[in-house]
Each structure stands twice: as structure tokens, then as C-alpha cells.
Amino acid sequence: MLAARALRLVGRRAISTSVCVRGGHGVAKVDDYALPAYFDRRENPLPEIRYVQDLSSEQKSLKEKEKGSWATLSNEEKIALYRISFKQSFAEMNQGSAQWKSVVAGMFLFFGLTGLVVLWQRKFVYGPVPHTFEKEWKEKELQRMLDMRVNPVEGFSSQWDYENKQWKK
Amino acid sequence: MSLVKPAMRGLLGKRLRFHLPIAFALSLVAAAGFKYMVTEPRKQAYAEFYKNYDAAKEFNNMREAGIFESVRPSGE
């Protein structure tokens, strides 16, 4: 089992299927999602497996040439080798898209719909506000706050002119 | 294909050497700004308020307005 695990980490798909033997019962079924996968991620720069698994004959010969001195490889060959191992370059995978525009548009749409729902609710669902919100009550409330000298230094009552009984200019 | 080799080490150090002095300076500016735009005016406002504050007069005004329960206005 440990040998099977170690070989699986190497990432050779062909080998891992055949080595998964379970105590005399034969080859265990290995699900696709359990095998090493390829993905382009900035945080994980070297994926566990090559991108192109089944090499064509010229790709195979290129891989053989890669085993020799790399100085003999032309630039196109180097790029071909890169594209065998990787799907997208860092520049390609990191490029932004215009998706944010649709996201923001969707946001605003839902804000608007929610606003309509709230308006409907206010009109048809909620009852009246308490009587303490009436104009006369509020006037008496504010007068009492001024009488009590609420926040007289920098706040509410500091804006009231007590001599002339009006708000300070 | 001779690209320049990118910086492989010292990335955090470089970032800190750049950003820490700026952060320090901005914090000092923020603190100084708050001190001279908020706390000093507030201290002045309180000093002005209490310079000529007559507590007894204010108390009597409040009493006449009828907000206390222990002392009713002098008329009642």
C-alpha cells in the first residue's frame, strides 16, 4: 500500500492504476477524480502531471531530443516542449476578463429589485409608525432636549441661542 | 530568447523597505492631523464653555423649564 501511495505521488497515471492492489482481491477501481489532475494556477506553478498525456510521434521524438543537450534545441522546439507540459502560460492564465462588468451589472439589478420589494413592503405590509413620530410630539421632544441642555459644549444645545430663543446663525 | 532572470529572493525585504517608512510616515501624519484638527479644538471648546459658566443660573433655568422631578418650577 505504501509503495502504491509513493508511486501515485510521482504522477504516472498508467502506473497508478496497475499498482492499486488490495490484499489479494485484484485491482481496485480508481476513480478519475482521485488521480493527479492538471490545472493552471498561479499559486501552484508546477502541476503534478504534464498537460499533454498522449504524445504524437513527433512529440515523442522531441522528448527524446530533450534528453540531450538543450543548447541544440531551437526556440520553436523549446516552445513546443513548453506547450506539451503546460496548457496556458502565466501571462495567459493571469490575464483579466471583462466579467466584472456583468457582475457589477447584476449587483445593481438586484439592488434595484430589492429596493422595489422594500417599497412594496413599506406600503402594504407594515403598520403605521408609533405616535411618538408625529410632528407635535417631536417638537415637544426637541424642546425638552434643549431644556435639559443636551450636549451643551459641542453638540445639540450648543447650537441653540438661549437668550434669543432661536438657533444660532 | 535571453530574458532577464527575475528576482528570486529578498522580495519581502524589498517590499518592507519600501512600504514601512511610508506606513510610518502616514501614521504619524494621521495622528498629528487628528490631534490638531479634533482634540485641540475640542479642548478649546470645553475651556470656552466653562470659562464663564454659572452653574446656579443654568440650574435655575432648567428648573423653570420643568424638567426636574425633585424641584418643581418656583411658581408651583
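If you're wondering where the values come from, they're calculated on a predicted model, not measured in any experiment.
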Under 4.5 Å heavy-atom distance to chain A, tell me which part of B:Glu58 shows up: side chain, backbone, both or neither. both
Is there a chain of hydrophobic side chains (I, L, V, M, F, W, Y, each step under 4.5 Å between heavy atoms) that links A:Val118 to A:Leu113? no
What are the two closest heavy atoms between A:Asp147 and B:Met62, and how far apart are they? O-CG, 3.3 Å
Does B:Tyr53 share a hydrophobic cluster with A:Tyr162, counting links as ILVMFWY side-chain heavy atoms below 4.5 Å and allowing steps through other members? no
Would you call A:Arg149 and B:Asn61 a side-chain contact if the rule is heavy atoms closer than 4.5 Å? yes
If two hydrophobic side chains count as joined below 4.5 Å and joins carry through other members, does A:Phe124 share a cluster with A:Tyr126? yes
CD-CD distance between B:Glu48 and A:Glu154, expressed to the nearest 0.5 angstrom: 12.0 Å
In terms of hydrophobic clustering (I, L, V, M, F, W, Y; side-chain heavy atoms under 4.5 Å; direct or indirect links), are A:Tyr82 and A:Leu46 co-clustered? yes
